Amino acid sequence: MLIRTLFVCAFATLSFAQGGGRGMQQPAPPAGPWMDKTLPPDQRADLVIAQMTLDEKIQLVHGGQAGRGAPSPSNGGAGWIPGIARLGIPDINMADSAVGVTRGAATSRYSTLLPSTLGLAASWDPKAGHLYGSVIGRELRDQGYNMSIGGGVDITREPRNGRNFEYCGEDPILAGKMVGQLMKGVQDQQIMGDIKHYALNDQETGRNIGNAVLDKRSMRESDLLAFEIGLRDSQAAGVMCSYNKVNGDWACENDYLLNQVLKKNFGFQGWVMSDWGGTHSTYKAAMAGLDQEMPGSGFFGDALKKSVESGEIPVARLNDMVHRILRSMFAVGVVDNPPRRQVVDIFKGLEDSQSLAEESIVLLKNSGNQLPLSSAVKSIAVIGSHADVGIISGGGSAQVDPPGGNVAPPPPLPGDAPAGRGRGGMFGRGPVYFPDSPLKAIHAHAPNAKISFDAGTDPAAAASLAKSSDIAIVFVNQPMSEGRDAATLSLPDKQDDLVAAVAAANPKTIVVLETGGPVAMPWIDKVNGVLAAFFPGNRGAEAIANILFGEVNPSAKLPVTYAKSDADLPHPQIAGLNLTPAAAPTGGPGGFGGGRGGLPPFDVPYTEGVKVGYKWFDAENKEPLFPFGCGLSYTTYTYSGLKVTPAENGLTVSFSVKNTGKRAGQEIAQVYTSMPSAAGEPPKRLIGWDRVDLAPGESKTVTVNVEPLYLSVFNEQKDGWQVVGGDYKVMVGGSSKTLPLADTVKLAGN
Ligand code: BGC
């Protein structure tokens, strides 16, 4: 007691940092030895833990709750953990920030809406990933947050998943590399990052009750590999475990996922927080590896304290939870260099968002080289998707609030609250459109053309406008959000009929897809051009127009396969979609946001195993509509001179790429391999790539080093990665289906 009092006295006289306001009152650092920046983060954490009371430890391992009626000391984000002021440990203020910092409307703050992370993955550009993360980190700092809860990397096993726009596509290596750089970008701003939703939360339907079933080898080689690479490359502070069950246990109390794979095999040193309401127990969750209940204290508050006091949960385990949190805070720098609020640099944000969008928009079709458009075009019909006023954004907890409010709100229903400016519609009825007009952006490129807009609600009227115009540009959308999936790959609201009618009236039709993920295109043979813009962010209109008019030469390539129809997918229907909600709530105490919550328990059997995306289409010999890795440019490239050399550390692959067209461009050159048949793998997997900048006529030699992990299979018996000895056919080219170069090398097994 005496010792404790002494410490309270020693560290209680705290002054407060300047800045004031919610979330900013942080203690000035006391002179405890853990404030020595030269000490390793683990040692600093242990020095703090040695001073902490049991109550203080418990305080760090669950989300804070503001006192009733009292103004919340949190910064207004999705999560807040009060720090230990007397020891100089600041509050943790977390903001959802998958595609930009959220919840701006409530606090009158501006945040940049970036293109969806699926779009980012289409850039295949790790530097773009880092830039993306640095925008988020910078704007979090400026808004007084010290942790991002973005970093989605559940792979696109289910192309209709409502959250695919928050993730990085279907290939674990591409997704892992991109999220790793994104998180590094966040943490380089001295903001803690987190990667989510661990694991196999690959659909939203019944996310609080569904049990994902998948064998360990497939899991390690697909979904978990993306996390492994992302965490290794970024050293992210946090991992958010998901709502669903995996092979019978809730992901947030799953010993295999948390203790064995994440902490032991991956060597993850940060902490595991539950998705919001995704904690289901005290003892089981704590012993399985969950470190923090978010939000609230139902399991990791008094119940955890009692369990530790009784010796049921060893105090060492509680110390481990706290250690993981504190060491991450020290390692990333949030104790030594806490955020200071300042005005967000809107202009820089817009510039970064646009450059990211320009790298992320995929040109899928360009018959007769109709694109790029000439600025001398006489008349253009712009049709659909509120393209006169805005750009659609993704919903759910990733929803960034638009400055000035939703420019295309759904018509009010009786009883609706009055729409305030910036009313975000986090789980609202309709999608949120940002004020960024494609019509105006197009007009800026063709100031003398007659440009007319038709809302696209009546296909006949739209077709008649298209007929009287030189060119028709149809914008179509697929609103997507956390909490629900698209029932099918078809565009909603009869937009396929709209495109078909316009294309029948004017074959010079270009379709711009603003979608959360892949969609079917029954009209594909009837239109001249297609751009996949995903959700392109709050400078999407300018980016789209720059590509349409050739100001920017498109370079992005698909990070997901586009199937012709649902029938070609591993599961023509999403598991659980046909279930009737149970009368009583299901899913245990946890789980906000529904996802058709209330469904009875059901399995999500991932029978396709490791065959996700292109691996499925290859193995099943099915022709996709657009294959993984494809994307056109306004120039052309040829490949030659492949050399594949087994290296001590994997493989060295070198080849030349030449720009054979008239425009400068960037080619995403891709390297795949087939494995020896003894490996029992799908026909090919991506093992590397490079973005190559080429002037017209220029040729460059590219060298891609392939690390052993990318050439390995997961051996369940050995519980480790293994290179299977035998022949590896290495293939190189511009898409997973266009691989002009091939060479076979023998690799020794291990
Ligand atoms: C989502 C998480 C999010 C959390 C906090 C949950 O519903 O699944 O991704 O971080 O809410 O908003």
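For ligands, and for the atoms within them, numbers begin at 1 and follow the listed sequence. From a predicted model like this one, the values you see are computed outputs, not experimental measurements.
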Visitor: Near K196, which atoms of ligand 1 are under 4.0 Å from a heavy atom of that residue?
Guide: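 This gives 2 (C), 3 (C), 9 (O), 10 (O) as the contact atoms.
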
Visitor: Using a strict cut-off of 4.0 Å, indicate which atoms of ligand 1 neighbour a heavy atom of R163.
Guide: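 So the atoms of ligand 1 that pass are 1 (C), 2 (C), 8 (O), 9 (O).
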
Visitor: Taking C-beta and beyond as the side chain, do V61 and D291 meet within less than 4.5 Å on heavy atoms?
Guide: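 The answer is no; the side chains never approach within 4.5 Å.
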
Visitor: For ligand 1, which part of M294 has a heavy atom less than 4.0 Å away: the side chain, the backbone, both, or neither?
Guide: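 No part of M294 comes within reach of ligand 1.
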
Visitor: Measuring from non-hydrogen atoms of M240 to any atom of ligand 1, is the shortest distance under 4.0 Å?
Guide: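 Within the 4.0 Å threshold, so yes.
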
Visitor: N/O to N/O below 3.5 Å, does that happen between R103 and ligand 1?
Guide: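 N/O-N/O distance under 3.5 Å: no.
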
Visitor: With heavy-atom distances below 4.0 Å as the criterion, list the atoms of ligand 1 near I149.
Guide: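 Going through ligand 1 atom by atom, the ones under 4.0 Å from I149 are 10 (O).
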
Visitor: Give a yes-or-no answer on whether the side chains of W80 and N75 include a donor-acceptor pair shorter than 3.5 Å.
Guide: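 Not at all, the side chains of W80 and N75 share no donor-acceptor pair under 3.5 Å.
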
Visitor: Distance alone, cut at 3.5 Å: any donor-acceptor contact between the side chains of E482 and S397?
Guide: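 Result is yes, a qualifying pair exists.
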
Visitor: Can you name the atoms of ligand 1, numbered from 1 with element, that are less than 4.0 Å from a heavy atom of R207?
Guide: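 Contacts of ligand 1 toward R207, numbered from 1: 7 (O), 8 (O).
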
Visitor: Tell me, do N244 and V604 make a side-chain contact under 4.5 Å, heavy atoms counted?
Guide: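 Not touching, per the 4.5 Å side-chain cut-off.
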
Visitor: What I want to check is whether the side chains of S111 and E139 have a donor and an acceptor closer together than 3.5 Å.
Guide: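 Not at all, the side chains of S111 and E139 share no donor-acceptor pair under 3.5 Å.
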
Visitor: Under 3.5 Å, N or O to N or O, is Y243 touching ligand 1 that way?
Guide: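 Yes.
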
Visitor: Counting C-beta onward and ignoring hydrogens, is there a side-chain heavy-atom pair between L131 and D352 closer than 4.5 Å?
Guide: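 Yes - at least one pair of side-chain heavy atoms lies under 4.5 Å apart.
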
Visitor: Please list, in number order, the atoms of ligand 1 under 4.0 Å from a heavy atom of S397.
Guide: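 Reading through ligand 1 atom by atom, the close ones are 1 (C), 2 (C), 3 (C), 9 (O), 12 (O).
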
Visitor: Please could you name the atoms of ligand 1 that H197 approaches to less than 4.0 Å, counting only its heavy atoms?
Guide: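 Once the distances to H197 are compared, the set is 2 (C), 8 (O), 9 (O).
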
Visitor: Which of the atoms of ligand 1 are close to E482, meaning less than 4.0 Å from one of its heavy atoms?
Guide: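 Once the distances to E482 are compared, the set is 1 (C), 6 (C), 7 (O), 8 (O).
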
Visitor: For ligand 1, which atoms sit closer than 4.0 Å to a heavy atom of A78?
Guide: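 Ligand 1 atoms under the 4.0 Å threshold to A78: 5 (C), 12 (O).
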
Visitor: Can you tell me if S116 and E166 form a side-chain donor-acceptor pair at under 3.5 Å?
Guide: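 Absent: no donor and acceptor within the cut-off.
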
Visitor: When you measure from the side chain of H130 to the backbone of L182, do you find a donor-acceptor pair of N or O atoms at a distance under 3.5 Å?
Guide: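 No, H130 side chain to L182 backbone: no donor-acceptor pair under 3.5 Å.
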
Visitor: Quick one: look at M94 and ligand 1, take heavy-atom pairs under 4.0 Å, and tell me if it's side chain, backbone, both or neither.
Guide: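 Neither part.
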
Visitor: For atom 10 (O) of ligand 1, which of the options D96, D194, D275, N208 provides the nearest non-hydrogen atom?
Guide: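 It is D96 that holds the nearest heavy atom.
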
Visitor: Please work out whether the ring planes of W250 and H280 are parallel, tilted or perpendicular, with thresholds of 30° and 60°.
Guide: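 Geometry flag for H280 against W250: parallel rings.
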
